[in-house]
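One structure is given below, encoded as structure tokens.
Proteins get letters first, then strands, A, B, ... in listed order; numbering begins at 1 in each.
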Amino acid sequence: MRFKAPKGTYDVLPEKAEKWEFLEEAARSIFKIYGYRPIETPIFEATELFARGIGEATDIVQKEMYTFTDKGGRSITLRPEGTAPIVRAHEEHGMSQWPQPVKLYYAGSMFRYERPQAGRYRQFYQLGVEALGSNDPALDAEVIILLLEYCRSVGVKEMDLLISSMGCSECRSSYIEALKDFARERISKLCPDCARRFEVNPLRLFDCKNPACGEVLAGAPKMIDYLCDGCRVHFESVKGHLGKAGVGYKIDPTLVRGLDYYTRTTFEVQSGYLGAQNAIGGGGRYDGLAEELGGAPAPGIGFALGIERLAMAVEAESGKIPGEYELDVFVVAVDDSVRVDAFMLAQRLRGEGLVAEMDYLGRSIKGQLKLADKLGARFAAFVGPEELAAGLCRLKNMVTGEQEDVPLGGAPAYLADKVFEEPVK
RNA sequence: GUGGCCGUAGCUCAAUUGGUUAGAGCGUCGGACUGUGGCUCCGAAGGCUGAGGGUUCAAGUCCCUUCGGUCACCCCA
């Protein structure tokens with residue numbers, strides 16, 4: 001075959017898809033408990049939405065977007081993240097008139113043109129929440145706790161919560177000046193990459209892994225020391241809420257996230273089991289985004305988490321993720337004359353809510369039993385001329401090997417009782 | 001976009017210093033006396049050795065290019 005899944009993409013085969021379904025269902029369930037409601041936005045949007053929302057200078061906008069021109073001449077981009085589209089929908093549908101705050105969650109694929117690596121793909125699946133219309137620090141804490149609780153509920157035990165504050169437009173700009181003053185005097189001691197960062201986005205200086213740069217920057221001014229009164233009070237309150245909730249966290253002043261829209265609270269949940277891309281999820285507050293997109297002001301906060309990375313962390317720590325294929329009954333057609341009767345029995349079994357399978361390849365009885373065994377069937381139901389003539393159906397317990405004849409008409413209900421009322425195994 | 005490693009049947013891997021029809025295990029399908037699984041045994045199907053060039057009498061084995069995978073950087077979920 002000449003075709004393969006495009007670079008950086010992959011097929012989620014049944015075994016993995018079942019695990020993803022489990023994780024996603026668990027997420028939807030806990031998101032709802034926290035009062036969030038589902039929303040689906042288009043998988044592509046006007047390029048300008050992301051360019052303005054995420055920031056022209058960011059890596060995402062500069063080199064990672066899947067952009068194309070549609071037949072109407074519009075510049076379209078496959079969504080690289082979920083927040084900007086939701087803020088767009090919030091404005092478009094007047095959600096500021098809904099009971100505030102508006103709490104939404106989403107699940108879906110995102111696209112970024114990057115070199116694939118462990119835990120990073122060109123199409124990846126995110127789960128996320130957004131709460132718009134309030135700048136209450138309690139909401140910041142709620143969102144952070146929701147992320148942690150969800151991860152914990154599906155089996156992630158060891159994870160680190162990093163938090164910081166990016167300040168608001170006012171205090172951040174004065175901080176950036178201070179940082180640039182500091183860096184300008186030491187520019188000769190920094191690596192070429194950092195020299196470039198200095199020009200493009202000084203906040204990124206802290207991302208450098210170069211030890212020499214790290215030493216130089218250790219003495220640099222920190223954003224959290226430059227917060228204005230409002231931002232400082234907000235940050236203190238977020239920490240206070242987390243503390244009351246018994247949530248452990250680490251303040252990381254260098255936690256600078258790659259999207260320009262963040263203000264005040266930013267956070268990231270990391271796992272030591274993921275390799276270089278160690279963030280399971282992250283997010284922050286974006287109080288200026290709605291205005292940046294040309295809408296009415298609307299503060300907001302949210303997070304996104306990558307299901308691929310979550311699944312990796314869960315499997316590394318807890319071994320298995322639930323979500324197995326289970327077969328209740330395999331209907332065995334004893335010979336060709338009864339294949340239609342077998343088919344009808346399977347239909348009636350399914351009508352009782354039982355997972356029923358049968359043979360579609362004309363296999364021998366032995367072959368059918370082998371298949372039933374491979375599929376893990378709990379029961380086999382024999383349909384044969386002799387049983388049919390007597391109005392019976394022979395049931396075989398595939399675990400114990402016991403067999404019994406029951407009236408054909410009552411077989412589905414009889415089996416349903418056995419399957420649903422008796423403990424598995 | 002940059003760099004390291006890698007690319008043989010569906011999967012995991014073999015294939016003497018380049019040498020003749022590329023093998024095995026698992027899996028799939030079938031069979032082992034007539035209506036019954038899990039163990040065992042037998043058989044079959046399934047590879048243009050990622051692709052394209054080159055070197056050579058001869059290439060899965062060497063060289064180049066390209067595509068893909070993988071890991072790291074940049075950055076992020």
Side-chain angles (χ1 to χ4, degrees), chain A residues 1-10 13 54 57-64 79-83 107-128 147 151 191-194 196-197 200-201 204 207-210 255-259 268-271 274-283 302-313 330 332-338 359 361-388 394-403:
Chain A
M1 165 101 99
R2 297 161 41 221
F3 296 108
K4 294 178 178 173
K7 181 171 181 150
T9 68
Y10 53 93
L13 303 182
I54 299 170
T58 60
D59 274 14
I60 291 178
V61 173
Q62 286 195 332
K63 58 178 194 182
E64 296 175 5
R79 63 183 180 193
E81 60 103 40
T83 302
S109 289
M110 303 296 163
F111 306 83
R112 290 184 202 168
Y113 190 89
E114 295 185 89
R115 209 52 186 271
Q117 121 187 29
R120 191 169 68 194
Y121 305 93
R122 289 185 169 180
Q123 175 175 350
F124 56 102
Y125 201 84
Q126 283 192 337
L127 304 171
L147 174 56
C151 291
C191 69
D193 268 354
C194 283
R196 184 179 56 79
R197 291 191 183 95
V200 180
N201 188 345
R204 294 236 153 274
D207 289 343
C208 190
K209 304 289 194 294
N210 189 322
L255 178 66
V256 174
R257 315 207 78 253
L259 296 84
E268 195 165 294
V269 170
Q270 301 181 344
S271 164
L274 297 185
Q277 309 306 319
N278 61 357
I280 297 178
F303 71 71
L305 79 82
I307 203 164
E308 291 90 346
R309 293 184 186 177
L310 177 67
M312 269 194 276
F330 189 99
V332 176
V334 167
D335 65 38
D336 286 345
S337 73
V338 298
D359 167 60
L361 296 188
R363 273 179 265 246
S364 64
I365 293 169
K366 190 181 296 245
Q368 295 182 55
L369 264 301
K370 274 189 179 178
L371 179 60
D373 189 55
K374 278 176 207 152
L375 296 178
R378 296 169 62 187
F379 291 92
F382 289 81
V383 175
E386 293 170 22
E387 290 85 349
L388 232 39
R394 176 162 298 176
L395 298 181
K396 173 169 185 168
N397 183 317
M398 293 296 281
V399 178
T400 65
E402 293 167 25
Q403 300 195 47

>> Using whole Å, what does the distance between atom C1' of nucleotide B/A77 and atom CD of A/Glu308 come to?
In response: 8 Å
>> Please report the distance separating the P of B/U20 from the corresponding atom of B/U36, rounded so that it comes out in whole Å.
In response: 48 Å
>> Among residues at least two apart in sequence or on other chains, which ones pass salt bridge (charged side-chain N to carboxylate O under 4.0 Å, His left out) with A/Glu387?
In response: none
> Which whole number of Å gives the distance between the C1' atom of B/C63 and that of B/A22?
Replying inline: 23 Å
> Whole-Å distance between B/A77 P and A/Leu305 CG?
Replying inline: 11 Å
>> What does the 5'-to-3' dot-bracket notation of RNA chain B look like when only Watson-Crick and G-U wobble pairs under 3.5 Å count, and pairs to other strands show as |?
In response: (((((((..((((.....[...)))).(((((.......))))).....(((((..]....))))))))))))....
> Considering residues at least two apart in sequence or located in another chain, which fulfil the side chain to side chain donor-acceptor pair (under 3.5 Å) criterion with A/Tyr125?
Replying inline: A/Glu24
>> As an exercise, state the distance from CD1 of A/Ile280 to CD of A/Gln270, rounded to the nearest 0.5 Å.
In response: 9.0 Å
> How would nucleotides 32-37 of chain B be written as a contact map, 5' to 3', with B for base contact, S for sugar-phosphate-only contact and - for no contact, using protein heavy atoms under 4.0 Å?
Replying inline: ---BBB
> If we take the P atom in both B/U65 and B/C6, what is their distance in whole Å?
Replying inline: 15 Å
> Rounding to the closest angstrom, what is the interatomic distance between B/C26 and B/C41 at atom P?
Replying inline: 8 Å
>> Please classify the nucleic acid contact of A/Ile280 as base, sugar-phosphate, or nothing, using heavy-atom distances under 4.0 Å.
In response: sugar-phosphate
> Of all residues at least two apart in sequence or in a different chain, which pass the salt bridge (charged side-chain N to carboxylate O under 4.0 Å, His left out) check with A/Arg122?
Replying inline: none
> Does A/Tyr113 have any side chain to side chain donor-acceptor pair (under 3.5 Å) partners at least two apart in sequence or in another chain, and if so, which?
Replying inline: none
> Who are the ring-ring contact (aromatic ring centres under 6.0 Å, His included) partners of A/Phe124, not counting sequence neighbours?
Replying inline: none
>> Among residues at least two apart in sequence or on other chains, which ones pass side chain to side chain donor-acceptor pair (under 3.5 Å) with A/Asp335?
In response: A/Ser337
> How many Å lie between NZ on A/Lys63 and P on B/G1, as a whole number?
Replying inline: 10 Å
All N/O contacts under 3.5 Å from nucleotides 65-70 of chain B to the protein, with atom names and distances to one decimal?
unit_1: B/G69; atom_1: OP1; unit_2: A/Gly8; atom_2: N; d: 3.0

> If you find the nucleotide of RNA chain B closest to A/Glu81 and the one closest to A/Gly367, which residue's nucleotide is nearer the 5' end?
Replying inline: A/Gly367
> Can you name the salt bridge (charged side-chain N to carboxylate O under 4.0 Å, His left out) partners of A/Lys63, sequence neighbours left out?
Replying inline: A/Asp59
>> If the condition is salt bridge (charged side-chain N to carboxylate O under 4.0 Å, His left out), which residues does A/Asp359 pass it with, not counting sequence neighbours?
In response: A/Arg339, A/Arg363
>> When you measure only distances, ignoring hydrogens and angles, does the side chain of A/Arg112 come within 3.5 Å of the base of B/C75 through a donor and an acceptor?
In response: no
>> Distance check needed: B/A77 P versus A/Phe111 CZ, whole Å only.
In response: 16 Å
>> Between B/C62 and B/G18, how many Å separate the two P atoms, rounded to a whole number?
In response: 8 Å
>> Applying a 4.0 Å non-hydrogen cut-off, can you work out what A/Gly119 is touching in the nucleic acid: base, sugar-phosphate, or nothing?
In response: base
>> In whole Å, measure the gap between the C1' atoms of B/U34 and B/A24 for me.
In response: 36 Å
>> Rounded to whole Å, how long is the line connecting atom CD of A/Gln62 with atom P of B/C75?
In response: 12 Å
> Expressed in whole Å, how much space separates the P atoms belonging to B/C67 and B/U28?
Replying inline: 37 Å
> Which one, B/C74, B/G1, B/G31, comes nearest to the side chain of A/Ser364?
Replying inline: B/G31
>> Once side chain to side chain donor-acceptor pair (under 3.5 Å) is applied, do any residues pair with A/Gln123, and if so which ones, sequence neighbours excluded?
In response: A/Ser109
> What's the CZ-C1' distance between A/Phe3 and B/A51, to the nearest Å?
Replying inline: 14 Å
>> If I pick the P atom on B/C64 and the same atom on B/U55, what distance separates them, to the nearest angstrom?
In response: 15 Å
